[in-house]
> 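I'd like to ask some things about the structure below.
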Amino acid sequence: MKIDKDQVENIAKLSRIRLTELEREMFVHQLNNILFYIEKLNKLDTENVAPMAYTSDVSNVFREDKLKPSIPLQDVLINAPATKSGFFKVPKVIE
Amino acid sequence: MSLRLFECTAHQIKAKILSKEIRASDFIKIVFDRIKSLEPNIQAFITINEDEAIKKAIEIDKKIESNENVGLLAGLPVAVKDNICTKNLYTTCASKILETFIPPYDAFVVKRLREEDAIIVGKTNLDEFAMGSSTENSGLKITRNPWNLECVPGGSSGGSAAAVAADLSILALGSETGGSVRQPAALCGVVGIKPTYGRVSRYGLVAFGSSLDQVGTVSKDVRDAALLLRVIAGYDLHDSTSANVPVPDYLDRIDSGVDGLRIGIPKEYFTDAFNADVYKALKDALKIYERLGAQVVDISLPHTEYAVAVYYIVANAEASSNLARYDGVRYGYRTSKPNGIIDMYCRTRSEGFGNEVKRRIMLGNYVLSSGYYDAYYLKASKVRNLIKIDFDVAFEKVDCIICPTSPVPAFKIGERANNPLEMYLSDIYTIPANLAGIPGISIPCGFSKEGLPIGMQILGKHFEEKKLLQIAYAFERETDFHVKKPVLKISSM
Amino acid sequence: MTYEVVIGLETHAELATITKLFCGCSTKFGVEPNTQVCPVCLAMPGVLPVMNKKAFEYALKAAIALNCKIDEFTNFDRKSYYYPDLPKNYQISQNYHNMGIDGYMDISVNGTISRIRIHNVHLEEEAGKLIHPEEVGADYSLVDFNRAGVPLLEIVSYPDMRRVDEVESYMQTLRKILLYTEVSDCKMQEGSLRFEASISLRKKGVDRLGNRVEIKNLNSMKSVLKAIEYETMRQRDVLDRGETVDRETRLWDEVNEKSARMRSKEESQDYRYFPEPDLLPVLIDEKWLRAIKDTIPELPLIRRQRFIETFALSDYDASLLIDEKILADFFEECVKILNRPKSFCNWITNDLLREVKDRKLDIYHLKIKPKQLAALVEIIEKGTISSTIAKEVFSEMIQTGKDPKTVVEEKKLVQISDEGLIEEIIIKIISSNPDAIEDYKKGKKNALTFLVGQVMKETKGKANPKIVNEMLMKKVGV
Ligand SMILES: [Zn+2]
């Protein structure tokens, strides 16, 4: 599978990354190289192979429904680029 | 010639501090003097934590003076890779997007270091978000290999490996997703462990590929690695994938030797694809093992050639979602005067991330996107299983697997920068262990004609770090590669 | 042209846990912004989720109660989309292995039972809250993450509903099931129960579904019904004009009772689901499943049927009783003590509910106990007090939690059945109301009622009305 400039632009949008024309061209080229390399997986028949989504074979890990202290508001907001009255402030969101 | 203090191992310094031969506060000053004199050349650190470190050293001195119990790492300087969260200390991931981020909490491993009275000397450089194999992708600075300042230290834990190799710290923490501890350890001539997935809590390690990430150790020798691993390993309720398996004393019977052990040599790893010096160093190492009573057995890991492809799908799929949180809302960089929320997202991320990170996020989003999931992500997950099965089968026949850590010694800065795929292929020997979740250790096993270190890695079954350390130590005891030091000129600041 | 309306519902219910789904922060409603957050629910770099067992079990319980098939293996997936109230910019949800699939729920419309199939039930995390300041020209929004990470149950129905009365019954029945199983408090005003509708129209007799429109921002059951009616009209107009309905998502405008396009299908999101590597799978064995099953009480519709059959209650009365589980429980407790179902049903559905409403009482914390109501009914039957007086006693009981006997004694409300005493009063009343006697003799029957009333008044309602009636008739010579 080969991807073109439009597809790269779509992926960039999906990734919330804005590309310059030059960057778009570079990424088309580089991503195609990588995708071409990845194609080698198609040589393998994996019809009857189970996917491995987890590296550990443990299951059923839970915590109890027990209250733990939250962190002070000051620590919550200290790294925020913009705040107002205890809220995080962002550009207007229109639905 | 006797060792200068900063050249000592953790065990040597620990003995001196505990016997009151030297005070922790005096030693830490020596370490910071060393950092100040060499850091301009090496550029291993992003943040230096001198004030807090000295305070901590004085505390430890007081404990020792009053004969209180002290931790396993009392007074020992540890450098921490800058993608591991440290409370009230910058954690940048070498990215512009997190350049100002100060975590309100400690990573599990950092908490453990503090509990054992270690001294955090600073935060080390890395490829941005640990994405790379040379530390050249750092968004903040370029780290140089102490053995040759023109060369890369490897990556992504290049800062940690370079710091230990140049004696800027005695110990260091790194992190692995596809070889990021073992490969720079090999390229810098130090010891690096990638533990079993789940052996060390990932809580506080900034996520890259969540099903692959592990915190690892960087040290000057195998015994130091055993000491540091014992401290950071263990169950953590904050990480669902952390294993509830007891942590042994890795130093206990570390000198058990290799007599009667079966060492597997995967034929797929010993091809002409790698450097002649590396090939020779590995062959010599195997001869030593045979002399020590081990049996070298040929094995096959037939799906090795697919590992890099699988890795770049799985790791980047996970990364694309792990890095979605850097959006300029709650922390980190935000673009100036955004025109609406989407514009804020896009400009923040375009300005905050470097090209390698963007490339991987896009690749990850592509392989997960509607219509491609089965062809890429699902396919890769299946082949990943085949790779894991390869190891399961191999470990029925052998106790460990030995192969090169990296196909080549350290390469020149800039040499591979424009070809991402070629850079990716330099992880070909380390990636399979991450995919299978098994532990690996890289130890020095020789030098190239150019005088650059060569690393050998030993891979083992899940949770058999102790055995790996015994095997590594058996070799280290017979050789002196690990005590060789790079010649470093001290620059005037 | 006649069309058939095809309706499906997506329901979100916040689960009634004390802490969030993946961290120990409180789920309490209505606190100061960003005071119930921690590194985990703020998605700080490096944090990891750990699953709340209670939340998982609540979701499992709901899936069982909705008759879903439960697979032995379940796990979680990441659902990616960017929104400022979603800290990780992905939501941990379930896509490839839901908690339960292919279930159903029976609903009753005017006594007719119909079965609505449930496509799936799954567990996910709640988002935070966005606030849009009302000040003129404000170019910003504010984010509060207190709700972020609260466990959320999503129930997706098949498009099996055809009319708004079915939709209403579906919503009410589902709400009752969630309350009966105690997995959610279902407070719509706090957003802990929310609905989204998908609607399509097709010509009668046609199998293929028309283009589906999803409607969001429905804040009450009433707005769900209004939005469906509006959307039905809108789509009918489009189809009548010979045009096709666009597949899209629309937002309901509560104030103007209209909907407007939010996004079209072309703009629809690509969620890039993949298994959440930070959470390990959950295996559900038979033993666990049975243990959860055992905690599920008799569900409302089945209980209603039993009430009708066992206690000979009307459909209407039984429905009223099962409406709130706590009331139905109260009723059954009473009947266990004294077998007078009709009587208890009347007390509960009339007097109790009226008092609750008038005095704004919390039915979950009533002072009156079933034992006490049973005692009240008992002393009415014994004739200790009249049923008129009983109402007064009941009102006192519900306010104070006192036993009926105590109230009767304190207020000296014992019924007067002493014929001698009653006779004295009757004589007094007759002598002071000669006109009424005359009227009665002329055949005005209600004059007798008047006289009874006068006797009751004289005794402050305590005279036994039956005896008064009998004696009066005797006196005036019938
Ligand atoms: Zn929290």
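No experiment lies behind these values; they were computed from the predicted model shown. Note on naming: letters A, B, ... go to the chains in the order of the sequence lines (proteins, then strands), and numbering restarts at 1 for each one.
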> For residues 41-48 of chain C, which side-chain N or O atoms pair as donor and acceptor with protein atoms under 3.5 Å away, sequence neighbours left out?
none

> Below 4.5 Å from any heavy atom of chain C, which atoms of I341(B) appear? Answer side chain, backbone, both or neither.
side chain
> Produce the donor-acceptor pair table for chain B versus chain C, cut-off under 3.5 Å.
from: Y105(B); atom 1: OH; to: P45(C); atom 2: O; distance (Å): 2.6
from: Y105(B); atom 1: OH; to: V47(C); atom 2: N; distance (Å): 3.4
from: R202(B); atom 1: NH1; to: D278(C); atom 2: OD1; distance (Å): 3.1
from: R202(B); atom 1: NH2; to: D278(C); atom 2: OD1; distance (Å): 3.0
from: G204(B); atom 1: N; to: G46(C); atom 2: O; distance (Å): 2.7
from: S240(B); atom 1: OG; to: P49(C); atom 2: O; distance (Å): 3.0
from: S321(B); atom 1: OG; to: R78(C); atom 2: NH1; distance (Å): 2.5
from: N322(B); atom 1: OD1; to: R78(C); atom 2: NH1; distance (Å): 2.9
from: N322(B); atom 1: OD1; to: R78(C); atom 2: NH2; distance (Å): 3.2
from: A324(B); atom 1: O; to: N89(C); atom 2: ND2; distance (Å): 2.8
from: R325(B); atom 1: NH1; to: M44(C); atom 2: O; distance (Å): 3.1
from: R325(B); atom 1: NH2; to: Y90(C); atom 2: OH; distance (Å): 3.3
from: D327(B); atom 1: OD2; to: N89(C); atom 2: ND2; distance (Å): 2.9
from: R330(B); atom 1: NH1; to: L42(C); atom 2: O; distance (Å): 2.8
from: R330(B); atom 1: NH1; to: P87(C); atom 2: O; distance (Å): 3.0
from: R330(B); atom 1: NH2; to: P87(C); atom 2: O; distance (Å): 2.9
from: Y331(B); atom 1: OH; to: A43(C); atom 2: O; distance (Å): 2.4
from: R349(B); atom 1: NE; to: Y82(C); atom 2: OH; distance (Å): 3.4
from: R349(B); atom 1: NH1; to: Y82(C); atom 2: OH; distance (Å): 3.4
from: R349(B); atom 1: NH2; to: Y82(C); atom 2: OH; distance (Å): 2.9
from: N365(B); atom 1: OD1; to: R272(C); atom 2: NH1; distance (Å): 2.6
from: S370(B); atom 1: N; to: D270(C); atom 2: OD1; distance (Å): 3.3
from: S370(B); atom 1: N; to: D270(C); atom 2: OD2; distance (Å): 2.8

> Answer with side chain, backbone, both or neither: which region of P39(C) has an atom nearer than 4.5 Å to a non-hydrogen atom of chain B?
side chain
> Is L89(B) atom CG crowded by more than 12 heavy atoms from other residues, nucleotides or ligands, each under 6.0 Å away?
yes
> Under 4.5 Å from any heavy atom of chain C, what part of L98(B) do you find: side chain, backbone, both or neither?
side chain
